[in-house]
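What follows is a set of notes on a single structure, which appears directly below.
Chain identifiers are assigned alphabetically (A, B, ...) following the order of the sequence lines, protein sequences preceding nucleic acid strands; residue numbering begins at 1 within each chain.
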Protein chains: 2
Amino acid sequence: MDRLETRELAYFSAVADELHFGRAATRLGIAQPALSKAIRQLERKLGVTLFERTSRAVALTEAGRILTREAYVVLEAVSAAAARTRRAGNREPRLLLAMKPGGDGGLLPAILTAYEREPGVLPAEVIFEADSARALREGRADAALLYAPPDDLDQLDTETLLTEAPVAVLPTSHPLAQRSSLQMADLAGEDLHRKPSEPGEMPSLSTLMHLIALGRKVAVLPRVLTTPLRDDLTAVPMTDLPSINLLLAWPAHSTSPSVAALVRAAASAAAAREPD
Amino acid sequence: MDRLETRELAYFSAVADELHFGRAATRLGIAQPALSKAIRQLERKLGVTLFERTSRAVALTEAGRILTREAYVVLEAVSAAAARTRRAGNREPRLLLAMKPGGDGGLLPAILTAYEREPGVLPAEVIFEADSARALREGRADAALLYAPPDDLDQLDTETLLTEAPVAVLPTSHPLAQRSSLQMADLAGEDLHRKPSEPGEMPSLSTLMHLIALGRKVAVLPRVLTTPLRDDLTAVPMTDLPSINLLLAWPAHSTSPSVAALVRAAASAAAAREPD
DNA sequence: GCCGATCCATTCACACAGGTTATCGATCGC
DNA sequence: GCGATCGATAACCTGTGTGAATGGATCGGC
């Protein structure tokens, strides 16, 4: 039938979130009847019931559950499209590389040096983002450095720069710190630092190191994050964990010569590092 | 500013295609002034110039080139969202598996048998599509069998079912047919069958085999496509080509238990085949 | 250099999509 | 039963997208 509009998907998304027309309408800044009408029209366009409504409760149908996911993808793609287009329109175009502070495995200077040797590239600028993959997917950056496996590599192309076995970080005084290698089972009794799922809960690296030195925690990290290491801490390689990769990622459909140049530069910088 | 609407992106897309407001408007079934106004509004929303217009010519700006790509992605995501939601709403839900005729490496019966043993799955149905990856991305199928590397694995998750070195198919009477292996250089003088870029130009497999038997062509194909092989043809392994993979693919964000069951079934069917 | 052709922008009247308020009807807790 | 809650419906209003007509700039042909 007719084309699905962004507005309709955003409305649907709000109702699917709240499961409550009144609250969803408030959140959207419109009145409830307008929202009801819009959802009915969406259902009519699709020829499908999206919500089971009684006068007391609203529930998603199976089709509604599918559309919940799809709408999210579409809305993200739309806002990324807008962000990328706006950036491309700036009269002072730059290549934006997103990374987590310290998340470059020490390669950043070499990458940028190699990049700037490439002919005809845009000036590069590094932006620091806790979730660099997200910045990339939202169109706020042209490329990103990140550690694999990220939660979601949808729509991203990647180049592996470094592959490293993870190391356990322990107080030097810890009994296990003298071992030449460890397995996860060895750390069973420890308070192991886990990646928090909530952003913002992540303590800074130096805080984490401090906690470890105090004997409160141990952590398993890529080796590159552990150099330099405090005197009172020791890093021991883990043998039974998958290796951790530092990746350069960029939008899968990128056609930017500057991004291509950055990929070449990063690959050559990583190759130069490989020997040691 | 305001939200980008699907309609605006479709309008933009038409103008970017035609580089001509009048023709684009005709194609869209609207009048030209409406189109001009819509594009202007889109430019205002984005704060960016998308077209350089003179009274004689229309050209894309850099930002316009970026949006051309982005708009395509968004519009495809929108129509896929609609297609998937509509299918989910059917009262007779099925799992649709797309494949090219003959593109299953002989695994299909085993996959379906294993799938139907899984508890609580939807009835499976196979649909034949020349471009099964496209059917998947457009939301017309839940999963697809295809040979890697497909042109575009964006947004798809995959499981490798078979990995095979490609074989050259030659007339048995051909001098090279007696060799135990070949490299691409050996085929330099031959009229090598290439994957046509235009769909529809691809001759059927049996036609191709006929051409080879006549000595008009030779072909390099995955081994699975060459069994059974006519008596007057011979298959010789290629040693310097990347191996060809048969993949099962599905939308990266799928949460369908039936798709998960299909992936398990396909993996086990492939594992059972592995020995021979 | 003038003229006609081409092509995008502007103007204006109009219809309609999408918004609002007011009201209704169903359902639940008490 | 009664009031509270919540979605659907009705009636109305407004902004915006639409289309016919028109304007204005540029180019090619002669």
Side-chain angles (χ1 to χ4, degrees), chain A residues 1-61 63-64 67-68 71 74-75 78 82, chain B residues 1-61 63-65 67-68 71 75 78 82:
Chain A
M1 194 88 67
D2 219 336
R3 185 175 21 236
L4 260 46
E5 286 300 332
T6 309
R7 184 181 47 79
E8 300 173 309
L9 292 177
Y11 285 7
F12 168 81
S13 216
V15 178
D17 259 25
E18 301 278 356
L19 290 180
H20 189 297
F21 280 74
R23 277 198 299 276
T26 305
R27 203 174 90 179
L28 292 166
I30 63 174
Q32 170 261 317
L35 182 55
S36 287
K37 211 157 100 181
I39 298 293
R40 286 204 110 61
Q41 169 172 342
L42 180 58
E43 290 180 322
R44 199 162 35 83
K45 277 187 186 176
L46 289 170
V48 152
T49 306
L50 297 170
F51 296 102
E52 296 293 350
R53 324 137 161 85
T54 71
S55 61
R56 299 301 295 171
V58 175
L60 280 167
T61 62
L67 188 58
T68 303
V74 168
L75 293 176
V78 169
Chain B
M1 195 91 66
D2 220 336
R3 184 174 24 233
L4 261 45
E5 287 300 334
T6 309
R7 186 179 46 77
E8 300 173 310
L9 292 176
Y11 284 8
F12 168 80
S13 218
V15 178
D17 258 25
E18 301 279 356
L19 291 179
H20 190 296
F21 280 75
R23 277 197 298 276
T26 305
R27 205 173 88 181
L28 292 166
I30 64 172
Q32 171 263 318
L35 182 55
S36 286
K37 208 157 118 182
I39 298 293
R40 277 209 155 341
Q41 168 170 342
L42 180 58
E43 290 180 322
R44 212 187 34 204
K45 276 187 185 176
L46 289 169
V48 151
T49 305
L50 297 170
F51 296 102
E52 297 293 349
R53 322 144 165 79
T54 71
S55 59
R56 297 303 294 172
V58 175
L60 281 166
T61 62
R65 272 187 288 277
L67 188 58
T68 302
L75 293 176
V78 169

Would you kindly give the [atom1]-to-[atom2] distance between [X] and [N], to the nearest whole Å?
{"X": "A:L28", "N": "C:dT20", "atom1": "CG", "atom2": "C1'", "answer": "15 Å"}
{"X": "A:K37", "N": "C:dC16", "atom1": "NZ", "atom2": "P", "answer": "14 Å"}
{"X": "A:R3", "N": "D:dG17", "atom1": "CZ", "atom2": "P", "answer": "13 Å"}
{"X": "A:I30", "N": "C:dA17", "atom1": "CD1", "atom2": "P", "answer": "17 Å"}
{"X": "B:L42", "N": "D:dG17", "atom1": "CG", "atom2": "P", "answer": "11 Å"}
{"X": "B:R7", "N": "C:dC16", "atom1": "CZ", "atom2": "P", "answer": "16 Å"}
{"X": "A:F21", "N": "C:dA26", "atom1": "CZ", "atom2": "P", "answer": "18 Å"}
{"X": "B:R40", "N": "C:dA9", "atom1": "CZ", "atom2": "P", "answer": "5 Å"}

Between [options], which nucleotide has the shortest distance from any of its atoms to the side chain of [X]?
{"X": "A:Y11", "options": "C:dC7, D:dA20, C:dG19", "result": "C:dG19"}
{"X": "B:P33", "options": "C:dT10, C:dC8, C:dG18", "result": "C:dT10"}
{"X": "A:A31", "options": "D:dG7, D:dG17, C:dT20", "result": "C:dT20"}
{"X": "B:R53", "options": "D:dA8, C:dC8, C:dT20", "result": "C:dC8"}

For the OG atom of A:S13 and the CD atom of A:E18, what is their distance to the nearest 0.5 Å? 10.5 Å
Walk me through whether A:I39 and A:R53 qualify under side-chain contact (heavy atoms from CB on, under 4.5 Å). CA-CA 12 Å; A:I39 298 293; A:R53 324 137 161 85; 3.5 Å; yes
Is the shortest side-chain N/O distance from A:Q41 to OP1 or OP2 of C:dG18 below 4.0 Å? yes
Does B:S36 make a side-chain N or O approach to OP1 or OP2 of C:dC8 shorter than 4.0 Å? no
Result for 5'-nearest mapping on DNA chain D, choosing between B:Q32 and B:L35, is B:L35
Using side-chain contact (heavy atoms from CB on, under 4.5 Å), reason through A:L9 and A:L4 one step at a time and then give a plain yes or no. CA-CA 7 Å; A:L9 292 177; A:L4 260 46; 4.2 Å; yes
Chi angles and distances behind the side-chain contact (heavy atoms from CB on, under 4.5 Å) call for B:L67, B:L42: CA-CA 11 Å; B:L67 188 58; B:L42 180 58; 4.2 Å; yes
Which is more 5' along DNA chain C, the nucleotide nearest A:G29 or the one nearest B:H20? Just name the residue. B:H20
Geometric class of the B:F21/B:F51 ring pair [parallel <30°, tilted 30-60°, perpendicular >60°]: perpendicular
